[in-house]
2 protein chains.
Amino acid sequence: MAAKKQQDVCEVKTVDKAKVKAVKKVMLSDKDVYSLSEIFGVLADSSRLKIIYALSKEELCVCDIASILGGSISAISHQLRILRNLRLVKFRKESKRVYYSLDDKHIKRLFDQGLKHVRE
Amino acid sequence: MAAKKQQDVCEVKTVDKAKVKAVKKVMLSDKDVYSLSEIFGVLADSSRLKIIYALSKEELCVCDIASILGGSISAISHQLRILRNLRLVKFRKESKRVYYSLDDKHIKRLFDQGLKHVRE
DNA sequence: TTGATATTTGAACAATTGTTCAAGTATACT
DNA sequence: AGTATACTTGAACAATTGTTCAAATATCAA
């Protein structure tokens, strides 16, 4: 209880009110923050990054992707569902096969910007 | 065992070998993939996104940040450590206070690119 | 030195995430 | 119809992550 009081005091009293107010005023909306964490979250996984990169080169079926990444079909399929849900990839069925390709102009740019970042 | 066999067959036999080989050839290095997932991972959290955004506007002490985000000092400090470890923020001590600011030219660009993506 | 402020840190805990496994659908071939 | 291929899906499980809580450190002020 004493500890909690101490924290409350800190958060309320000893702050640069003007600064805080100014930054709060221009703070991102919860919606923007949520959407941002969502796309960045998609890009925060090795398998998905590789899938996105692979699909930026070629349209590929699930089997091809699994072969390229070296993972199980099931694991790839689960990841593709995540990419599908955020509409980052589209797919077409050709008999038994399902061919995936990128369905988002921006995602590759974001990916490339990230790559630029890590390579400098 | 039968199931496993089936998967192996799929992954090895029924694949477009030329395509797979071509994409494998240009595939990202493990190092690049790891680094990418690392920075995107940092950006995949609401608190950290808000911190980065706030610090892009003003240099702020931990207390200010906590006040802006409405979280506990401890939680913010933990997040700042993550940002520090990836050298996305720098800090200076001024008596009791620790002031943080962005220490990476690229991260804001990546952030803005993401924002552009979600707002279209 | 004692007490208050400002921040960091470690451990514990719940929530989220990615993978595996097994079962399910869908299409083609015989 | 039966079998094989291609993919999807749900449940379970381990691993990772973010937060909280309590304790530790550092600086300042009386």
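In what follows, every chain begins at residue 1, and chains take the letters A, B, ... in the order their sequences are listed. Quick caveat: nothing in here was measured; it's all calculated off a predicted structure.
With the nearest nucleotide of DNA chain C identified for both A/K93 and B/D64, B/D64 has the one nearer the 5' end.
Proximity of B/L36 to B/L28: side-chain heavy atoms (C-beta onward) are separated by under 4.5 Å at one or more points. Taking the side chain as every heavy atom from C-beta outward, A/Q79 and A/I76 never approach each other to under 4.5 Å.
Spacing between atom CG of B/L83 and atom P of D/dT17 amounts to 14 Å, rounded to whole angstrom units. Put simply, CZ on A/R97 is 13 Å from C1' on D/dA4, counting in whole angstrom units. Per the geometry, CD belonging to A/E38 stands 14 Å off P belonging to C/dT16, to the nearest Å. Rounded to whole Å, atom C1' of D/dT5 lies 13 Å from atom OH of A/Y99. Regarding A/F91, its CZ atom lies at a distance of 13 Å from the P atom of C/dT27, rounded to whole Å. Rounded to an integer number of Å, the gap from A/R92 CZ to C/dA26 C1' is 17 Å. Following rounding to the nearest Å, A/Y34 (OH) and C/dT16 (C1') show an atom-to-atom distance of 12 Å. Nucleotide D/dT8 holds its P atom 12 Å from the CG atom of A/N85, rounded to whole Å.
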Sub-3.5 Å pairs of nitrogen or oxygen atoms, protein against nucleotides 12-14 of chain C:
none

Could you write out each protein N or O paired with an N or O of nucleotides 18-20 of chain C at a distance under 3.5 Å?
unit_1	atom_1	unit_2	atom_2	d
C/dG18	OP1	A/R48	NH1	3.2
C/dG18	OP1	A/R48	NH2	2.7
C/dG18	OP2	A/R48	NH1	3.4
C/dT19	OP1	A/S47	OG	3.2
C/dT19	OP2	A/Q79	NE2	2.4
C/dT20	O4	A/H78	NE2	3.2

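Nucleic acid contact class of B/S95 (heavy atoms, under 4.0 Å, all strands): sugar-phosphate only. Across all strands, A/Y100 comes closer than 4.0 Å only to sugar-phosphate atoms, never to a base (heavy-atom distances).
Considering all non-hydrogen atoms of both residues, A/C63 and B/V15 come closest at O-CG2, 3.5 Å.
A donor-acceptor distance shorter than 3.5 angstrom exists from the side chain of B/Y53 to the backbone of A/V26, with no hydrogens or angles considered.
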Side-chain atoms of residues 107-120 of chain A: list all donor-acceptor pairs with protein atoms under 3.5 Å, sequence neighbours left out, distances to 0.1 Å.
unit_1	atom_1	unit_2	atom_2	d
A/K108	NZ	A/D112	OD1	3.4
A/K108	NZ	A/D112	OD2	3.4
A/H117	NE2	B/D104	OD1	3.4
A/H117	NE2	B/D104	OD2	3.3
A/R119	NE	B/D32	OD2	3.0
A/R119	NH2	B/D32	OD2	2.6
A/E120	OE1	B/H106	NE2	2.9

Indicate every side-chain donor-acceptor pair of residues 95-103 of chain A with a distance under 3.5 Å to a residue at least two apart or in another chain.
unit_1	atom_1	unit_2	atom_2	d
A/R97	NH2	B/T14	O	2.9
A/Y100	OH	A/R84	NH1	2.8

Could you pull out every donor-acceptor pair under 3.5 Å between side chains of residues 38-46 of chain A and any protein atom, sequence neighbours left out?
unit_1	atom_1	unit_2	atom_2	d
A/D45	OD2	A/S47	N	3.1
A/D45	OD2	A/R48	N	3.0

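Note on residues 52-63 of chain A: pairs passing salt bridge (charged side-chain N to carboxylate O under 4.0 Å, His left out), not counting sequence neighbours, are A/E59-A/R92.
Phosphate contact (OP1/OP2 of D/dT8, side-chain N/O of A/R84, threshold under 4.0 Å): present.
In this structure, of D/dT5, D/dT8, C/dA6, it is C/dA6 that holds the atom nearest to the side chain of B/K96.
Partners of B/D16 according to the side chain to side chain contact (heavy atoms under 4.5 Å, CB included) rule, which considers only residues two or more places apart in sequence or in another chain, are A/D64, B/A18, B/K19.
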